[in-house]
Number of protein chains: 2
Amino acid sequence: MPRPPKARDALLAAYRDLLVSEGERAATMDAVAARAGVSKGGLLYHFKSKDALAEALLDALRAAAAEDRRRMAEAPEGPSKYFVRTSVNSGTDMDAFFVAAVRLAQAGHEGALAALEELDAAWLALIRAEIEDPALATAVMLMGEGLYHYSSLAGAWPEKSFGTSLGELLGVVDRLRGV
Amino acid sequence: MPRPPKARDALLAAYRDLLVSEGERAATMDAVAARAGVSKGGLLYHFKSKDALAEALLDALRAAAAEDRRRMAEAPEGPSKYFVRTSVNSGTDMDAFFVAAVRLAQAGHEGALAALEELDAAWLALIRAEIEDPALATAVMLMGEGLYHYSSLAGAWPEKSFGTSLGELLGVVDRLRGV
DNA sequence: ATAACTGTACCGGCTGGACGGTATAGATAC
DNA sequence: GTATCTATACCGTCCAGCCGGTACAGTTAT
């Protein structure tokens, strides 16, 4: 048996992290290989083009998101609070892959746009299962999106500049559910 | 009197529109000049570097945002509903400049990040003037950010995929105000 | 008045470097 | 004996920034 490929995962993670922390422009082939500690030849061995790298990243996002949806559906606090709570960038794989895909989408990558729309539709469906009123469900969804937007820009939830803790925001979700 | 520079405005608008519709990567000096119908040399005459172009764009954003805040503070419907209503990309100068700045921030431009944080703080302050509860105010703010996030990706508010109209969302804001 | 000069607005070609991708020769683990 | 890499050289393209030049409006000296 040939030895298992460990460079592939390292390359994907390096690409993802570069997208998140430095932006699409800085995520060059050379930079990805260097960050992963892999030679450029090694990169091209696993991913024949830069777009192949992007496609693999979107596949990983879809897999991580499917896993996350299972947890969301079974969360004791309910899907809505789970969604809002995990919308602040908490450092999970999902978070990083999601933000990376946003970077790609903003750079004009059509596949990334489609993948993100898929994800949003699935999330909204889970929230609707708990909150029947469509407008309220959408409002909760948008709160989560806003949090993602924020932490994808600043790197974290800037609690101090808002003066509102995540816990208090979850309280708002409760109030919305009860309205 | 020297003849007035008309290329400068055209260049800024071209840069902004390219950032919004094609992404940061596509907004090259050549592309900006071509879109504005100006030569490369003409561009460099008005903006000595690409970063100077970005700085000018952020200045224009701040100006447009200050103007928008005046309207927001005086809106008969109240600042909160005004904010949410105008968070869907409606094609104003503010919207375009804002989305352009988001693109820059996501590409790692520090000045853009600072400008956006400034804007958000000012918006939140206006919302707080109407909605005293900090958590509720933040929730409204995040709804608006989520909408911006959405329309900056997809280009418009995807009402059909959400199944919720903007009017219904404004209804949620009313309910939040009354809670 | 008009020639000479000045500053602003703009043109378009060029260069050096970075980037995506190719190619190839070999090393290492299983 | 092959899948998984390393190392390095190379090519064509694209891009940011630079530079010499043009056009023209207004100013100054004569």
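Below, chains carry the letters A, B, ... as their sequence lines are ordered, and counting in each starts from 1.
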If you look only at distance, which donor and acceptor atoms sit under 3.5 Å apart when one is on a side chain in residues 120-128 of chain A and the other is two or more places apart or in another chain?
unit_1 : atom_1 : unit_2 : atom_2 : d
A:D120 : OD2    : B:Y150 : OH     : 2.6
A:R128 : NH2    : B:F162 : O      : 2.5

Check your understanding: Rounded to the Å, how far apart are B:K6 NZ and D:dA23 P?
Key -> 16 Å
Review point. Looking only at N and O atoms, is any donor in the side chain of B:K40 or the base of D:dG17 less than 3.5 Å from an acceptor on the other one?
Key: yes
Point to revise | SB check A:D133 A:R177 (cutoff 4.0 Å) | key: no
Practice item. For D:dC5, take OP1 and OP2 only and decide whether either is under 4.0 Å from a side-chain N or O of A:Y45. Key: no
Check your understanding: Please give, in whole Å, the distance from D:dG17 P to B:L53 CG?
Key -> 10 Å
Practice item. Identify whether NZ of Lys or CZ of Arg in A:R16 sits under 6.0 Å from the centre of the six-membered ring of A:F97 and within 45° of that ring's axis. Key: yes
Practice item. May I ask you to decide if A:S165's main-chain N or O and A:E168's side chain share a donor-acceptor pair within less than 3.5 Å? Key: yes
Review point. OP1, OP2 of D:dC5 versus side-chain N and O of A:H46: anything below 4.0 Å?
Key: yes
Practice item. To the nearest Å, give me how far apart CG (B:L43) and P (D:dC15) are. Key: 14 Å
Point to revise | CG-CG distance between A:L119 and A:L61, expressed to the nearest 0.5 angstrom | key: 5.0 Å
Revision key, fill the gap. Ranking D:dC5, D:dA16, C:dG12 by distance to the side chain of B:K50, first place goes to D:dA16
**Study point:** Sugar-phosphate only, base, or nothing, as touched by A:L44 at under 4.0 Å among non-hydrogen atoms
**Key:** base
Check your understanding: Can you hop from A:V20 to A:L104 via hydrophobic side chains spaced under 4.5 Å?
Key -> no
Check your understanding: Does anything in residues 8-34 of chain B reach DNA chain D, meaning a heavy atom under 4.0 Å, and if so which residues?
Key -> B:T28, B:M29
